[in-house]
Amino acid sequence: MINAILNKLKKNFTEISIFLCFTLPPVGIALFVFSGWLYLHQIFKQRKPIILSPGVFLISSLFVSSFGAAIAMGDYSYFLVSALLLAYLGLYVKIKNNSVKKTIYAFKWINILGGIYFYSLYPIQQVLMNQKVISYFMGTVLIGHSNVQHYERLMGAAYNPNFSVALLLFGLSFLLAEFHKNIRRTLYRKSALQAVIIGMFIHAIYLTESRAGFSIMLIIFVLLSFRWNKLWASLFVLLLGMSNHIIVNWMPRSEQLVESTGIRKEIWRNSYELWQDHSLFGVTALGFYKEYFYHFNERIPHAHNLIIGIFTEYGALGGVAFVIVVIINIYKVASFYLAKTGNKEHLDVFLLSLPVILLTGVFDYVLYSPQVAVLAIILMACWDRYTEQLHLSPRVMYYVKKWVSSIPFKSWKNKKQSTRM
């Protein structure tokens, strides 16, 4: 009986760990970190080769940078970053070696349920935040603030609304992919239920009061509209462009937009100066806070921008590797989307969720959170496994021309002329 339970837990270890990342974040993160180290140890023990992929290249480059930074700066506590990156590498390789269909299915639905769970916590989050020990385990404490009274932004279980909104955006993108699939299959009852849950996610994202989250949510809907109908999507984008003043007024905390942008620019400029001082290896994720306070006398934990943050924390070595991987994945997405062949069963899932990683990094650095980073690594590992067997045509421009020519401008123009007559 006990052996059967243990085998069941072992078989569903990844799914259980993802679930715990939403409900008991420290436990879920710890399980993934230790499983990553253990898997990497088993690979080296059995002398199995690690196949080079974009994810392996990126995480290995970040590891080398953090290792070099610890030696160059003479602070051996920075080796903790290297140890964490080894765990990320083991986790990435482990997920990549698993079945994509099983992993992405579980990952998708646990993210959706996790988003609903975050939303359900909002009415009682103040009570939870006042219970220190419980809130640390549940992720409902606001990190960096000892006393928080009458906190109005949705916290979820991610320690910070900006981290919470990234996980909510993942859940929304997965939900919209399911909604689109069911609409195409004329499963209207399922679609109606999902439309209600989509409304909950929209409200939850708005309650986080994240301006970036609000903007990214609109971009996700634009991407979905292009999957639905290219002509109507073009009109939707035009409408959004014409209504930009109304959208800004709807944006949470829009009155602080100019002030917040000015603060962000100052952090970016100071972070860039830190990178200039440590251009090759960077200052590591642990060293950023210390170096920023030493040079600028401000307590800033990270660069509040993904690209600047990667270059500052991991230097040119890690930054250039990150840019290369981004370019590779943009090319893969474009080729796969525009191609007429290939297994596109999970295309909507990746097409709507992958941009969240980059877009949330424009005005913040959500991958600073191990909780978000672990889930992003799982998504990237599934994507790399999903696309590694695809025979993508290098003639991207050929597909671009075919895609543009498929938009029924001519028929739409004829309809317009006939209505005039």
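Heavy-atom basis, side chains included; hydrogens, waters and symmetry copies ignored.
Nearest heavy atom pair, residue Tyr314 against residue Ala285, reads OH-CB, 4.3 Å. Nearest heavy atom pair, residue Gly55 against residue Asp384, reads N-OD2, 3.4 Å. When all heavy atoms of Pro25 and Ala157 are compared, the closest pair comes out as CG-O, 3.3 Å. What you find for Met251 and Ser215 is that their closest heavy atoms are CE-OG, 3.6 Å. When all heavy atoms are compared, the tightest approach of Phe311 to Val320 is CZ-N, 3.8 Å. Between Ile378 and Thr103, the shortest heavy-atom distance links the atoms CG2-CG2, 4.3 Å.
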Kindly determine whether Leu40 and Leu91 satisfy side-chain contact (heavy atoms from CB on, under 4.5 Å), including the steps that lead there. CA-CA 8 Å; Leu40 210 58; Leu91 172 63; over 6 Å; no

Apply the test side-chain contact (heavy atoms from CB on, under 4.5 Å) to residues Leu58 and Leu62: give CA-CA distance (whole Å), side-chain angles for both, the deciding distance (0.1 Å), then the verdict. CA-CA 6 Å; Leu58 175 59; Leu62 299 181; 4.2 Å; yes

Kindly indicate, with the supporting measurements, whether the criterion side-chain contact (heavy atoms from CB on, under 4.5 Å) is fulfilled by Phe226 and Ser234. CA-CA 8 Å; Phe226 273 102; Ser234 302; 4.2 Å; yes

Take Phe322 and Ser61, measure what side-chain contact (heavy atoms from CB on, under 4.5 Å) needs, and give me the verdict at the end. CA-CA 9 Å; Phe322 176 77; Ser61 299; over 6 Å; no

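Side-chain contact between Thr312 and Tyr292: absent, with no pair of heavy atoms (C-beta onward) separated by less than 4.5 Å. Looking at Phe57 and Ile328, their side chains never come closer than 4.5 Å, going by heavy atoms from C-beta outward. You'll find the side chain of Leu375 reaches within 4.5 Å of the side chain of Phe22, heavy atoms only. At a threshold of 4.5 Å between non-hydrogen side-chain atoms, the residues Asn160 and Ser369 do not count as touching. Side-chain contact between Trp37 and His41 is absent, with no heavy-atom pair separated by less than 4.5 Å. Looking only at side-chain heavy atoms (C-beta outward), Glu273 and Phe296 come within less than 4.5 Å of each other. In this structure the side chain of Leu142 never reaches within 4.5 angstrom of the side chain of Tyr159, judged on heavy atoms. Between Ile197 and Phe179 the shortest side-chain heavy-atom distance does not fall below 4.5 Å.
Ring geometry, Tyr206 versus Phe214: the interplanar angle exceeds 60°, so the pair is classed perpendicular (tilted spans 30 to 60°). In this structure, Tyr289 and Phe293 have parallel ring planes: the angle between them is below the 30° cut-off, well short of the 60° mark. Below 30°, between 30° and 60°, or above 60°: for Phe79 and Tyr76 the angle between ring planes is below 30°, a parallel geometry.
For the pair Asn305 (side chain) and Val362 (backbone), a donor-acceptor distance under 3.5 Å is present. Side chain of Ser35 to main chain of Phe32: a donor-acceptor pair is present (N/O by atom type, distance under 3.5 Å, no hydrogens or angles). One N or O on the side chain of Ser66 and one on the backbone of Phe63 form a donor-acceptor pair closer than 3.5 Å. The closest donor-acceptor contact from the side chain of Glu291 to the backbone of Thr284 lies at 3.5 Å or more, if one exists at all. Between the side chain of Ser243 and the backbone N or O of Leu240, no donor-acceptor pair lies under 3.5 Å. Here the side chain of Gln371 pairs a donor or acceptor atom with the backbone of Cys21 at under 3.5 angstrom. Thr208 places a side-chain N or O within 3.5 Å of a backbone atom of Ile205 that can act as its donor or acceptor partner. Put simply, the side chain of Arg211 gets close to the backbone of Arg253: a donor and an acceptor are under 3.5 Å apart. Using a distance-only test at 3.5 Å, with no hydrogens or angles considered, no donor-acceptor pair links the side chain of Arg385 to the main chain of Ile95. One N or O on the side chain of Asn182 and one on the backbone of Glu178 form a donor-acceptor pair closer than 3.5 Å.
For Tyr272, the OH atom is loosely surrounded, since the number of other residues' heavy atoms within 6.0 Å does not exceed 12. Counting non-hydrogen atoms of neighbouring residues, nucleotides and ligands closer than 6.0 angstrom, the CD1 atom of Ile307 reaches no more than 12 such neighbours. Within a 6.0 Å sphere centred on NZ of Lys265, other residues, nucleotides and ligands contribute 12 heavy atoms or fewer. The environment of Glu259 atom CD is sparse: at most 12 non-hydrogen atoms of other residues, nucleotides or ligands sit within 6.0 angstrom. Within 6.0 Å of CD on Glu152 lie no more than 12 heavy atoms contributed by other residues, nucleotides or ligands. Within 6.0 Å of the CG atom in Leu38, the count of heavy atoms belonging to other residues, nucleotides or ligands exceeds 12. In this structure, Ile246 places its CD1 atom where only 12 or fewer heavy-atom neighbours from other residues, nucleotides or ligands lie under 6.0 Å away. Around the CZ atom of Phe137, the shell of radius 6.0 Å holds no more than 12 heavy atoms that belong to other residues, nucleotides or ligands.
We find the CE-CE distance between Met129 and Met155 to be 4.0 Å, quoted to the nearest 0.5 Å. Here the CG atom belonging to Asn270 is positioned 10.5 Å from the CD1 atom belonging to Ile308, to the nearest 0.5 angstrom. Atoms CG and OH, on Asn97 and Tyr92 in that order, are 9.5 Å from each other to the nearest 0.5 Å. Once rounded to the nearest 0.5 Å, the distance linking OH of Tyr368 with NE2 of His304 reads 9.5 Å. The CG atom of Asp348 sits 5.5 Å away from atom NE2 of His180, with the distance rounded to the nearest 0.5 Å. One distance of note links CD1 of Ile267 with CG of Leu274; it measures 11.5 Å at 0.5 Å rounding.
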What donor-acceptor contacts under 3.5 angstrom involve side-chain atoms of residues 109-121, with partners at least two apart or in another chain?
| unit_1 | atom_1 | unit_2 | atom_2 | d |
| --- | --- | --- | --- | --- |
| Asn111 | ND2 | Phe107 | O | 2.8 |
| Tyr119 | OH | His203 | ND1 | 2.6 |
| Ser120 | OG | Tyr117 | O | 2.7 |

May I have the list of side-chain donor-acceptor pairs in residues 169-177 shorter than 3.5 Å, sequence neighbours left out?
| unit_1 | atom_1 | unit_2 | atom_2 | d |
| --- | --- | --- | --- | --- |
| Ser173 | OG | Leu169 | O | 3.3 |
| Ser173 | OG | Phe170 | O | 2.6 |

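With hydrogens and angles left out, the side-chain atoms of Arg153 and Asn162 include a donor and acceptor closer than 3.5 Å.
With Glu15 as reference, Lys102 is the one residue of Lys102, Lys108, Lys10 to meet the salt bridge (Lys or Arg N to Asp or Glu O under 4.0 Å) rule.
For the ring pair (Phe, Tyr, Trp, His ring centres under 6.0 Å) test, no residue two or more places apart in sequence or in another chain qualifies with Tyr39.
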